[in-house]
Amino acid sequence: MGRAFVYVILGGGVAAGYAALEFTRKGVAPGELCIISEEPVAPYERPALSKGYLLPEAPSRLPSFHTCVGANEERLSPKWYKEHGIELVLGTRVISADVRRKTLLTAAGETITFKFLIIATGARALKLEEFGVTGSDAPNVCYLRNLADANRLVDVMGSRSGGNAVVIGGGYIGMECAASLVINKMNVTMVFPEPHCMARLFSPRIAAYYEEFYKSKGVQFVKGTVLSSFDFDSDGQVTSVNLRDGTQLPADVVVVGIGIRPNTSLFEGQLTVDKGGIKTNGKMQTSNTSVYAVGDVAAFPVKLFGETRRLEHVDSARKSAIHAVASILDPQKADEFDYLPFFYSRVFAFSWQFYGDNAGDVVHFGDFSGSRIGAYWVSKGHLVGSFLEGGTKEEYDAIALATKVKPAVEDLAKLEELGLEFALAISEGPVETSPPSGDNVENPPGLAVEKPTVYPWHAAAGVVVAASVAAFAYWYGRRRRRW
């Protein structure tokens with residue numbers, strides 16, 4: 001028993017939905033495309049699971065967050081796939097893949113063949129057992145990676161309102177789930193080994209800003225230690241969490257967010273792997289020319305940094321999927337994937353965005369006692385990363401553009417003084433495609449933008465250069481100080 005398709009997407013997460021929409025926009029015929037997913041529902045916006053889905057009042061529920069609403073595109077309901085002749089093979093696990101023969105074998109024994117395959121298998125949540133701790137199967141121990149996990153967490157929270165919740169991990173899932181647990185009227189303690197939350201992304205000062213707010217909401221932090229064991233009652237429920245430093249925490253709910261691991265096992269030994277994921281070129285094409293990889297599972301060249309990276313965020317999943325489709329359908333016209341790493345989160349009343357890389361020296365700006373803060377990262381004399389909390393769309397666009405341009409920065413103190421105005425000046429400055437005449441153009445001490453480099457990025461301007469951007473930023477900042 002078997003079926004054949006021209007295009008197969010393996011995995012039914014965010015990337016699958018965006019790839020499907022792009023396939024239809026580029027004219028793929030009905031019956032040519034198939035999506036295989038272990039989940040029983042059509043692709044959906046996974047970030048909703050740690051945000052609106054966990055709210056006690058007016059929570060988000062399907063079909064409201066099917067892809068592609070996260071990018072303000074149309075919502076792809078199961079009916080949409082049917083109308084466009086796309087085969088959804090849901091609740092189905094693929095147990096083996098043969099990329100040379102272009103076949104996939106499902107747990108039910110069905111063989112599905114393809115001409116082109118997009119691997120969108122994402123990643124799985126790391127389990128406690130992988131770190132020598134048992135207890136993941138306890139009724140009140142929860143992970144959060146898919147819809148079933150979210151439903152379980154909702155049920156557990158609902159039956160233990162007012163109780164004690166322990167969050168293991170201080171990253172994305174830990175921070176967002178801790179906020180949801182607070183909103184669900186639980187007493188929350190976060191436990192992680194790092195010196196501060198979001199250690200892979202935040203500077204200590206940025207982390208302290210958010211931690212102080214969480215503390216004001218009753219959240220307690222236990223840092224520099226890890227979970228060692230659980231205590232259980234006669235029903236197998238966790239009653240307390242034991243930490244390596246000897247601390248014991250009462251627990252009615254335990255949420256575990258200790259990282260993810262890309263789902264590459266079907267293709268190991270068949271495709272080149274790198275950075276823990278499946279290695280691709282700039283067109284998202286793997287070492288097999290008929291196979292592409294996107295999203296969390298893909299390790300692809302990031303032009304901005306000149307190296308291969310694997311990025312774990314929904315924006316990368318969306319955009320890499322779209323690019324893979326373009327590369328498959330029109331390989332001659334498809335450019336190399338030129339992606340600016342982007343991360344964001346929304347918890348409580350906070351909303352922050354980060355672009356680029358958190359490498360090198362960090363320069364903070366803004367009012368850390370207020371509602372708007374920011375930071376730049378400068379490496380090897382150039383701006384490589386930008387962070388902003390509480391910005392407007394214009395301001396977020398500005399820090400993205402500044403990061404893409406990578407202006408030269410020699411004086412960190414001057415950059416700190418200018419703050420957000422530095423990025424705004426770059427976004428609002430005059431467009432020049434050649435340096436000003438003469439060599440006597442002065443920049444403020446320590447700030448410079450190399451000339452005459454051109455960057456195709458801003459939609460309105462199309463190109464940005466600027467021998468005079470820093471001078472403009474300095475003048476602009478003096479006149480329109482916003483911090």
Side-chain angles (χ1 to χ4, degrees), residues 7-30 32-37 39 41-53 59-88 90 116 118-122 146-147 150 283-284 292-298 300 311-330 333-335 337-346 351 353 355 392-394 396-397 400 457-460:
Y7 312 101
V8 171
I9 302 171
L10 180 58
V14 171
Y18 283 80
L21 181 59
E22 188 69 6
F23 269 121
T24 61
R25 286 178 170 173
K26 292 188 178 298
V28 167
E32 289 187 335
L33 174 60
C34 166
I35 297 175
I36 307 172
S37 175
E39 293 203 62
V41 296
Y44 58 86
E45 301 284 358
R46 202 173 298 277
L49 299 182
S50 59
K51 299 178 179 68
Y53 204 86
S60 299
R61 292 292 183 268
L62 289 175
S64 67
F65 58 93
H66 279 301
T67 55
C68 299
V69 296
N72 297 316
E73 299 282 1
E74 60 183 303
R75 185 177 65 205
L76 312 185
S77 66
K79 181 181 178 182
W80 181 90
Y81 291 93
K82 185 175 182 180
E83 289 173 346
H84 288 81
I86 299 171
E87 188 76 16
L88 285 178
L90 303 177
F116 293 97
I118 296 179
I119 302 170
T121 48
N146 55 37
L147 192 62
K283 295 188 176 184
M284 309 312 296
Y292 295 70
V294 299
D296 290 353
V297 77
F300 61 91
L311 301 174
E312 300 171 1
H313 200 271
V314 64
D315 184 68
S316 174
R318 292 166 179 159
K319 291 176 181 175
S320 62
I322 292 170
H323 195 81
V325 173
S327 298
I328 291 170
L329 296 181
D330 200 348
K333 290 185 178 180
D335 295 325
F337 189 34
D338 190 8
Y339 181 68
L340 175 65
F342 167 53
F343 304 90
Y344 72 89
S345 184
R346 293 185 294 271
S351 179
Q353 294 187 13
Y355 293 89
T392 64
K393 183 182 184 303
E394 172 199 34
Y396 288 133
D397 288 346
W457 174 253
H458 194 264

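Just so you know, residue 1 is the first one in the sequence shown, and it goes up from there.
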Any side-chain heavy-atom pair of [X] and [Y] under 4.5 Å:
{"X": "Ile118", "Y": "Ile328", "value": "yes"}
{"X": "Val41", "Y": "Leu62", "value": "yes"}
{"X": "Trp80", "Y": "Ile86", "value": "yes"}
{"X": "Cys68", "Y": "Leu76", "value": "yes"}

How would you list, by chain and number, every residue that makes a side chain to side chain donor-acceptor pair (under 3.5 Å) with [X], sequence neighbours excluded?
{"X": "Ser50", "value": "Glu176"}
{"X": "Tyr81", "value": "none"}
{"X": "Lys393", "value": "Asp397"}
{"X": "Asn146", "value": "none"}

Partner set under salt bridge (Lys or Arg N to Asp or Glu O under 4.0 Å) for [X], not counting sequence neighbours:
{"X": "Glu83", "answer": "Lys79"}
{"X": "Glu74", "answer": "none"}
{"X": "Lys283", "answer": "none"}

[X]: which residues meet the ring pair (Phe, Tyr, Trp, His ring centres under 6.0 Å) condition with it, sequence neighbours left out?
{"X": "Phe300", "result": "Phe337"}
{"X": "Tyr53", "result": "Phe65"}
{"X": "Phe343", "result": "His313"}

Quick one: side chains of residues 22-30, donor-acceptor pairs under 3.5 Å with protein atoms, not counting sequence neighbours, listed by atom name and distance.
{"unit_1": "Thr24", "atom_1": "OG1", "unit_2": "Leu21", "atom_2": "O", "d": "2.7"}
{"unit_1": "Arg25", "atom_1": "NH2", "unit_2": "Glu73", "atom_2": "OE1", "d": "2.6"}

### Message
How close do Gly11 and Ala16 get, counting heavy atoms only, and between which atoms?
### Response
O-CB, 3.1 Å
### Task
Give the minimum heavy-atom separation between Ala321 and Tyr18, together with the two atoms involved.
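Result for this residue pair: CB-CB, 4.5 Å.
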Taking [Y]'s backbone N and O only, do any of them form a donor-acceptor pair with [X]'s side chain (distance below 3.5 Å, no angle check)?
{"X": "Ser320", "Y": "Gly295", "answer": "yes"}
{"X": "Ser327", "Y": "His323", "answer": "yes"}
{"X": "Tyr339", "Y": "Ser316", "answer": "yes"}

### Query
So Ile9 and Ile36, side-chain contact (heavy atoms from CB on, under 4.5 Å) or not? Walk me through it.
CA-CA 6 Å; Ile9 302 171; Ile36 307 172; over 6 Å; no
### Query
Taking it one step at a time, do Glu45 and Arg75 satisfy salt bridge (Lys or Arg N to Asp or Glu O under 4.0 Å)?
CA-CA 10 Å; Glu45 301 284 358; Arg75 185 177 65 205; over 6 Å; no
### Query
With Pro63, which residues qualify under side-chain contact (heavy atoms from CB on, under 4.5 Å), at least two apart?
His66
#### Entry: Between CD on residue Glu39 and CG on residue Leu147, distance to nearest 0.5 Å
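Answer for the CD-CG pair, Glu39 versus Leu147, is 6.5 Å.
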### Query
Among Thr67, Leu49, Val14, which residue meets the side chain to side chain contact (heavy atoms under 4.5 Å, CB included) test with Tyr44?
Leu49
### Task
Decide side-chain hydrogen bond (donor to acceptor under 3.5 Å, both in side chains) for Gln353 and Tyr355; before the verdict, give the C-alpha distance in whole Å, the side-chain angles of both, and the deciding distance to 0.1 Å.
CA-CA 7 Å; Gln353 294 187 13; Tyr355 293 89; 2.7 Å; yes
### Query
Stepwise, does the salt bridge (Lys or Arg N to Asp or Glu O under 4.0 Å) test hold for Lys82 with Glu87?
CA-CA 7 Å; Lys82 185 175 182 180; Glu87 188 76 16; over 6 Å; no
### Message
Quick one, Asp315 with Tyr344, criterion side-chain hydrogen bond (donor to acceptor under 3.5 Å, both in side chains). Give me CA distance, side-chain angles, the key distance, then yes/no.
### Response
CA-CA 9 Å; Asp315 184 68; Tyr344 72 89; over 6 Å; no
